[in-house]
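Shown next, in structure tokens, is the structure this report addresses.
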Amino acid sequence: MGSAAGGGVPQWNCGAELCRRARAGDPLCPARTQTGLALSANGRDWILIGASPDLPEQIRNTSALHPAPGETRASPIAAVVLTGADVDAIGGLLSLRERQAFDLLATGRVHASLDANLIFEVLGREVVRRRPVALDEPVELVGGATIELFAVPGKPPLWREAEEGIAHREDEATVGVMVRHGRARLAHIPGCAALTPSLAERLAGVDLLFFDGTLWSDEEMRLSGAGEKTGARMGHMSLSGPGGTLAAFDAVPARRKLLIHLNHTNPVVADDSPERARVKALGWDVAHDGLRISLPR
Ligand code: MLT
Ligand code: MN
């Protein structure tokens with residue numbers, strides 16, 4: 001549904017070249033909403049991964065997520081899966097408050113962040129079932145697919161930094177999702193600070209990989225005048241460089257690899273950039289809003 005990092009493309013307060021192009025409707029630098037995926041194993045029941053603040057727009061733009069003809073109060077959205085508690089992962093939950101039943105799946109840690117924020121009580125607990133999911137334990141979802149959450153290196157959500165610090169860790173705060181249906185395997189990892197050997201092993205051979213494409217280079221925010229933070233400080237590995245994502249995944253086979261969670265400063269968001277040509281040459285694609293993919297079982 002969406003392919004951008006927090007803030008989207010264009011970001012509201014950015015007047016740099018890429019955002020200007022997206023704002024002007026340049027077809028080679030398309031606007032992007034914040035990262036989110038909708039998937040279905042049976043074509044009827046849908047599971048969302050990620051609930052960004054752009055979710056209402058994404059649902060409007062995705063006909064499979066609309067009430068079926070003749071239904072006055074219904075939604076094909078059966079479940080929402082969260083990968084962390086950053087605003088760009090949970091903000092859209094507030095737009096699902098119209099007393100529609102669905103399952104909300106996340107680690108105990110992410111649920112604790114929601115539980116501690118009274119505003120999320122607008123999701124009435126008698127209609128929205130909050131389901132804590134243990135790491136590394138597959139959970140079967142309506143429609144026949146299973147999901148498994150696994151820890152990836154990351155940092156606590158931006159809004160929890162004062163309380164929890166900024167050190168990278170690998171725990172329930174930042175997770176990836178492995179979806180299985182029949183023999184098909186899809187992995188969705190919008191934020192990742194490092195590709196560890198165990199993560200590389202887990203991802204080897206997946207049919208479809210959606211991976212953190214936040215920044216092209218670690219210093220990109222500073223060099224472009226967008227801010228002071230490095231990618232590492234934000235808990236995101238960068239695409240380029242010796243320890244970057246492109247190099248790190250060289251030895252990890254996957255049938256199709258797509259970059260998601262693209263920051264508005266990342267030159268790969270433009271179809272005509274040399275950086276885009278570079279990622280394509282290395283076997284990656286850049287996801288775009290509205291992209292649809294079918295996986296054989
Ligand atoms: C991130 O991915 O670094 C966060 O989403 C930042 C934020 O909350 O804006
Ligand atoms: Mn983010």
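Numbering of ligands and ligand atoms starts at 1, following listing order. Heavy-atom basis, side chains included; hydrogens, waters and symmetry copies ignored.
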Inset, instruction - Between Thr35, Leu215, Thr174, Asp86, flag the one that comes closest to atom 8 (O) of ligand 1 by a heavy atom. - result: Asp86
Inset, instruction - For the Mn ion (ligand 2), decide whether Asp86 has an N, O or S atom at a distance under 2.8 Å. - result: no
Legend entry - the Mn ion (ligand 2) to nearest N/O/S of His236 less than 2.8 Å: no
Ion pair present between [X] and [Y], side-chain N to carboxylate O less than 4.0 angstrom?
{"X": "Arg160", "Y": "Glu163", "answer": "yes"}
{"X": "Lys155", "Y": "Glu164", "answer": "no"}
{"X": "Arg130", "Y": "Asp115", "answer": "yes"}
{"X": "Lys257", "Y": "Asp285", "answer": "no"}

Inset, instruction - Answer yes if the side chains of Gln34 and Asp88 hold a donor-acceptor pair under 3.5 Å, and no otherwise. - result: no
Inset, instruction - Starting from atom 9 (O) of ligand 1, locate the nearest protein heavy atom and write down its residue, its atom name and how far away it is, to 0.1 Å. - result: Leu158 CD2, 3.8 Å
Inset, instruction - Provide, to 0.1 Å, the distance between atom 3 (O) of ligand 1 and the closest protein heavy atom, together with that atom's residue and name. - result: His236 NE2, 3.0 Å
Inset, instruction - Looking at Asp88, pick out the N, O or S atom nearest to the Mn ion (ligand 2) and give its name. - result: OD2
Inset, instruction - Just do the side-chain hydrogen bond (donor to acceptor under 3.5 Å, both in side chains) check on Glu220 and Thr265 with the steps written out, would you? - result: CA-CA 7 Å; Glu220 165 182 318; Thr265 53; 2.6 Å; yes
Legend entry - Per-atom contacts of ligand 1 with His261, taking only distances under 4.0 Å to non-hydrogen atoms: 2 (O)
Legend entry - Met234: numbered ligand 1 atoms lying under 4.0 Å from its heavy atoms: 3 (O)
